[in-house]
Amino acid sequence: QVVIGCCGDAALMRRHLDGKDGKYTHLPNAALLFPDLLEPDTTPAPSCADAIAAREQSLFVNDWVALAAAQMLYKLLYRVPIHHFLTYVSSDGMSVRSVPIKKDELSVYLGERTS
């Protein structure tokens with residue numbers, strides 16, 4: 001996943017779900033969307049090379065993730081409107097799905113993580 005967001009407070013995010021004139025000043029950060037990231041990992045993860053060798057990870061998945069992150073960074077630096085706050089890259093590296101910045105989508109992600 002690639003996430004662009006600055007807000008780690010679910011209550012604050014809920015207050016800004018409507019945006020203002022179609023613009024959002026608050027987007028959920030990765031820790032709010034995926035709280036498991038903050039939990040200590042007790043099982044060491046295999047290296048990317050080992051995961052590729054075991055066919056658990058696509059050879060190019062890291063490249064796809066880097067491209068998704070680079071696109072978000074480019075838009076930030078050049079002040080191009082950002083229309084997605086979350087992008088999933090499949091483990092086979094053949095599909096990408098971005099989640100639009102909309103009240104309904106944000107509500108789903110906040111509701112799943114905070115109920």
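For reference, positions follow the sequence shown, starting with 1.
- Using a 4.5 Å cut-off on side-chain heavy atoms (C-beta onward), Phe60 and Asp63 make contact.
- Under the 3.5 Å distance criterion, the side-chain polar atoms of Asn29 are matched with a main-chain donor or acceptor of Ala31.
- Considering only heavy atoms from C-beta on, Arg15 comes within 4.5 Å of Leu12 through its side chain.
- Using a 4.5 Å heavy-atom threshold, the side chains of Thr87 and Arg97 count as separate.
- The closest side-chain heavy-atom distance from Leu86 to Phe34 is below 4.5 Å.
- Across Cys48 and Asn62, no two heavy atoms sit closer than the pair SG-ND2, 3.3 Å.
- Between Phe85 and Tyr109, the ring planes lie perpendicular to each other; the angle is over 60°, past the 30° to 60° tilted range.
- In plain terms, the two heavy atoms of Leu32 and Gly8 that are nearest each other are CD1-O, 3.8 Å.
- Listed here is the closest heavy atom pair of Glu56 and Pro46: OE1-CG, 4.1 Å.
- Counting only heavy atoms from C-beta outward, the side chains of Leu27 and Ile82 never approach each other to under 4.5 Å.
- Both Val96 and Leu59 belong to a single network of hydrophobic side chains, linked directly or stepwise wherever heavy atoms of I, L, V, M, F, W or Y lie under 4.5 Å apart.
- When every heavy atom of Cys7 is checked against every heavy atom of Met13, the shortest pair comes out as SG-CG, 3.6 Å.
- From His84, atom NE2 reaches atom CD of Gln71 across 8.5 Å, with rounding to the nearest 0.5 Å.
- Here the side chains of Val99 and Tyr88 are in contact, with some heavy-atom distance below 4.5 Å.
- Separating the CG atom in Asp18 from the NZ atom in Lys103 is a distance of 4.0 Å, to the nearest 0.5 Å.
- The environment of Lys102 atom NZ is sparse: at most 12 non-hydrogen atoms of other residues, nucleotides or ligands sit within 6.0 angstrom.
- With a 4.5 Å cut-off on side-chain heavy atoms, Glu105 and Pro100 count as touching.
- Judged purely by atom type and a 3.5 angstrom limit, Ser90 uses its side chain to pair as donor or acceptor with the backbone of Ser95.
- Counting heavy atoms from C-beta on, the side chains of Ile101 and His83 never come closer than 4.5 Å.
- The two residues Met72 and Val3 have their closest heavy-atom pair at SD-C, 4.3 Å.
- Hydrophobic clustering (side-chain heavy atoms under 4.5 Å, transitive across Ile, Leu, Val, Met, Phe, Trp, Tyr) groups Leu37 together with Ile4.
- Residues Pro28 and Leu110 share a closest heavy-atom pair of CB-CD2, 4.4 Å.
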> Passes side chain to side chain donor-acceptor pair (under 3.5 Å), Ser107 versus Asp104? Steps please.
Replying inline: CA-CA 5 Å; Ser107 296; Asp104 294 343; 5.5 Å; no
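- At distances below 3.5 Å, at least one donor-acceptor pair connects side-chain atoms of Tyr24 with backbone N or O atoms of Leu17.
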